[in-house]
Amino acid sequence: ADPAAVPPKGYVPLRRRTFREQVGSRQYALLVLIFTVHLLQCQFLLGNVGTQLDEKGDDGTARITFSACLSLTILVSPLVGHFIDRFGFVVSFAVINSIFLAISILLLLPSLAA
């Protein structure tokens with residue numbers, strides 16, 4: 001057997017813990033921290049993307065494209081779920097965060113023509 005697959009002594013899977021134990025776990029605290037940081041960044045992006053695009057010389061095309069892509073995410077959600085099922089949460093989370101980071105980096109470019 002793979003030694004890495006053997007859980008440490010006294011380990012109880014999260015799904016077998018009580019609600020109080022789950023909320024008090026390190027995993028829960030880490031997820032709350034990660035989602036808090038991401039939600040703050042998402043709210044900032046959604047709140048000022050129009051202003052950012054306008055300042056970069058957008059004629060409305062980029063804003064419409066961004067809005068359309070944002071609206072169509074409902075169609076992508078099942079694919080994300082399949083990706084998580086197939087490759088696991090860690091890989092999926094890393095890919096999704098990389099995409100989100102790339103979008104944020106693109107907004108740092110001085111103009112849309114760059």
Side-chain angles (χ1 to χ4, degrees):
D2 182 14
V6 178
K9 187 174 184 171
Y11 174 77
V12 178
L14 200 57
R15 67 178 173 270
R16 291 192 182 148
R17 297 181 194 177
T18 65
F19 176 75
R20 178 171 277 183
E21 291 171 331
Q22 289 182 27
V23 171
S25 70
R26 286 186 6 228
Q27 295 98 327
Y28 182 79
L30 181 61
L31 279 175
V32 168
L33 176 66
I34 289 170
F35 283 117
T36 301
V37 170
H38 283 281
L39 284 176
L40 179 63
Q41 185 179 7
C42 285
Q43 290 300 321
F44 179 77
L45 174 69
L46 293 175
N48 71 17
V49 71
T51 304
Q52 287 186 42
L53 293 173
D54 287 343
E55 288 181 10
K56 294 176 189 313
D58 180 31
D59 61 356
T61 306
R63 185 185 288 202
I64 291 169
T65 303
F66 180 82
S67 296
C69 289
L70 189 62
S71 300
L72 294 173
T73 57
I74 193 167
L75 301 175
V76 179
S77 296
L79 297 174
V80 171
H82 176 72
F83 193 79
I84 291 170
D85 290 341
R86 182 166 180 166
F87 299 104
F89 178 77
V90 175
V91 171
S92 303
F93 198 66
V95 169
I96 291 167
N97 281 319
S98 298
I99 293 169
F100 189 60
L101 182 63
I103 291 169
S104 298
I105 289 171
L106 287 174
L107 285 172
L108 291 174
L109 296 174
S111 73
L112 295 175

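None of these values were measured; they are calculated from a predicted model.
Counting only distance, with no hydrogens or angles, the side chain of R63 and the backbone of L53 share no donor-acceptor pair below 3.5 Å. Side-chain N or O atoms of S25 include one that pairs as donor or acceptor with a backbone N or O of Q22 at under 3.5 Å.
Counted within 6.0 Å of CZ on F89, heavy atoms from surrounding residues, nucleotides or ligands total more than 12; the atom is thus considered enclosed. When the shell of 6.0 Å around CD1 of I74 is examined, it contains 12 or fewer heavy atoms from other residues, nucleotides or ligands. Atom CZ of F44 has 12 or fewer heavy atoms from other residues, nucleotides or ligands within 6.0 Å.
With hydrophobic clusters built from ILVMFWY side chains whose heavy atoms lie under 4.5 angstrom apart, I103 shares a cluster with V49. One hydrophobic cluster, built from ILVMFWY side chains closer than 4.5 Å, cannot hold both L31 and L39; they sit in different ones.
Between H38 and F100, the angle of the ring planes lies from 30° to 60°, which puts this pair in the tilted group. Relative ring orientation between F87 and F83 is described as tilted, the plane-to-plane angle lying within the 30° to 60° band.
Taking the side chain to side chain contact (heavy atoms under 4.5 Å, CB included) definition, one finds that V80 meets it with V76, I84, I96, sequence neighbours left out.
At least one side-chain heavy atom of F66 sits under 4.5 Å from a side-chain heavy atom of L46.
Between F93 and I34, the closest heavy-atom pair is CZ-CG2, 3.2 Å.
Atoms NZ and CG, on K56 and L107 in that order, are 6.5 Å from each other to the nearest 0.5 Å.
A side-chain contact (heavy atoms from CB on, under 4.5 Å) with I99 is found for one member of L101, N97, V95 and no other, namely V95.
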